[in-house]
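Notes follow once the structure below has been shown.
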Amino acid sequence: MPKNPDTGNKPLDVLRNSAEKNVLVDVKGNRGYSGILEGNDVYMNLVLRNASEIINGEAKSFHNRILVRGDNVIYVSPSKGDDQ
Amino acid sequence: MPKNPDTGNKPLDVLRNSAEKNVLVDVKGNRGYSGILEGNDVYMNLVLRNASEIINGEAKSFHNRILVRGDNVIYVSPSKGDDQ
Amino acid sequence: MPKNPDTGNKPLDVLRNSAEKNVLVDVKGNRGYSGILEGNDVYMNLVLRNASEIINGEAKSFHNRILVRGDNVIYVSPSKGDDQ
Amino acid sequence: MPKNPDTGNKPLDVLRNSAEKNVLVDVKGNRGYSGILEGNDVYMNLVLRNASEIINGEAKSFHNRILVRGDNVIYVSPSKGDDQ
Amino acid sequence: MPKNPDTGNKPLDVLRNSAEKNVLVDVKGNRGYSGILEGNDVYMNLVLRNASEIINGEAKSFHNRILVRGDNVIYVSPSKGDDQ
Amino acid sequence: MPKNPDTGNKPLDVLRNSAEKNVLVDVKGNRGYSGILEGNDVYMNLVLRNASEIINGEAKSFHNRILVRGDNVIYVSPSKGDDQ
Amino acid sequence: MPKNPDTGNKPLDVLRNSAEKNVLVDVKGNRGYSGILEGNDVYMNLVLRNASEIINGEAKSFHNRILVRGDNVIYVSPSKGDDQ
């Protein structure tokens, strides 16, 4: 993937540019959340829609909407198809 | 669930929009609290009413009212029927 | 328990409304403290009177007065009879 | 112990009222310190005099004077005879 | 490698000087991320492009773009060929 | 040891009064540092001279000078002979 | 080693006085970094040059330049030959 001059490269820009796109959020304790990013704040608190919780690699529960506390986040990765 | 233009998508909006609705609060240490969200503050401290404590997936104790410290929160998920 | 319009629903209101009433304070490390809430500050540091320390579910020691540091608090639950 | 109208009930008042009295300080990691409280600051850093360190319930070492960092404190309990 | 007078030696300068170069980011929990540093902020939140996640020394997953939360960072090491 | 009216009893005073005297610094992870306190700041970062690192009760390494980060400190105890 | 009147004894002075000298940085998780200190900031983030990572006492990897996050630091010790 070449450098994309149209994409912000500051951490919060990555979140803004991922709004309404699929992201994978990895948190402490071998958990992750995969869903559509609805919003965030500067503390990296994140709101996901249509989200699956993934524990030790397996999808465990579905959440129409979920607020994930930023403290626990290890990384946020925009999904491949949506990261342009 | 389609994008809902009437629903705030900032993290604190999700809490405000969940007032007086059922939420599931997951905290560190394999615990959760399920009840009606009465209030919150910007630290994500939460007040629940008619709340069950869930430890390792089992309901353990009932609390008329409980104040959960925000520090420990991993996620807050509005209950399906109430998340519109 | 129906919604109580006379009860504050902000986290610190719950503490203020519980002054001089029995509360159960759960802290990290499988410990809890049950006693009469004498006071608190905005950090959730709590003063209890006539308090029992509960470790792994068993009452272990009695304290005429005890100051519990807010950092460690998981939840504060007003006792059922006192939570009106 | 009845409510004592002459005793402050704010967390830092408990420390101030315990100056020059015996206190038990419980800290993380199954340790405690029992001694005379000489002073404190708002971070709950504490100075004890004639203090014993207690590890897993046994007195282990004696300190003429010891500064305990507030970060680690779980609770401070004035000794029974001194808590009036 | 001799001292390089043209290279900043303040921590944030190292990040700025590594922009668009390969870095290895080691985080807590035996994980690392190797990729091209796109951006950072003062909290050491980092954006990497073409990044591999490395768990216990093995490359595990590939991310077109990934935002790694600064809280978890242990070190950032510019790759050898790029660190001049 | 009687109360010493000439000794400050605020936590930072204990550090100031221990300058150029032997102290034992206990830190998280079953480690300690014993040496002459050269300096400190308000974060309880400490500089020791002629310091031994003590791990699980045994002296392990010697440091001419060592800067111990305050975050990790559990307690600072002036050595008996120097604590007057 | 006698008291050195020409050496600052404040924690950040120790870092400033160690610039371009060998230091050993011990961090949480049984790791250390040994190299030439290029720079630091007030958060104790450190830049080392020609650094070896030491895990459980063994040198594991070499880094031309490495930025170690201050949060994780337990101590910084100037190397013996350089600490005058």
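Every chain is numbered from 1, with letters handed out A, B, ... down the list of sequences. The analysis underlying the following values was restricted to heavy atoms, covering all of them including side chains, and did not include hydrogens, waters or symmetry mates.
The minimum heavy-atom distance linking F:Asn72 with G:Val73 is given by the pair ND2-O, 3.0 Å.
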Starting from the C-alpha separation in whole Å, work towards a yes-or-no answer on side chain to side chain contact (heavy atoms under 4.5 Å, CB included) for F:Ile36 and F:Leu48. CA-CA 5 Å; F:Ile36 298 171; F:Leu48 302 183; over 6 Å; no
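Between G:Glu20 and G:Arg49 there is a salt bridge, with a side-chain nitrogen of the basic residue lying less than 4.0 Å from a carboxylate oxygen of the acidic one.
Within the 4.5 angstrom heavy-atom criterion, no atom of F:Leu37 approaches chain G. Within the 4.5 angstrom heavy-atom criterion, atoms from both the backbone and the side chain of F:Asn45 approach chain G.
Atom CG of G:Leu12 is separated from atom CG of G:Asn40 by 6.5 Å, given to the nearest 0.5 angstrom. Atoms CD1 and OG, on F:Ile66 and F:Ser52 in that order, are 10.0 Å from each other to the nearest 0.5 Å.
Scanning residues 28-35 of chain F against chain G with a 4.5 Å heavy-atom cutoff picks out F:Arg31, F:Tyr33, ordered by number.
Residues passing the side-chain hydrogen bond (donor to acceptor under 3.5 Å, both in side chains) test with F:Asp71, sequence neighbours excluded: F:Arg69.
A donor-acceptor contact shorter than 3.5 Å links the side chain of G:Asn9 to the backbone of F:Glu38.
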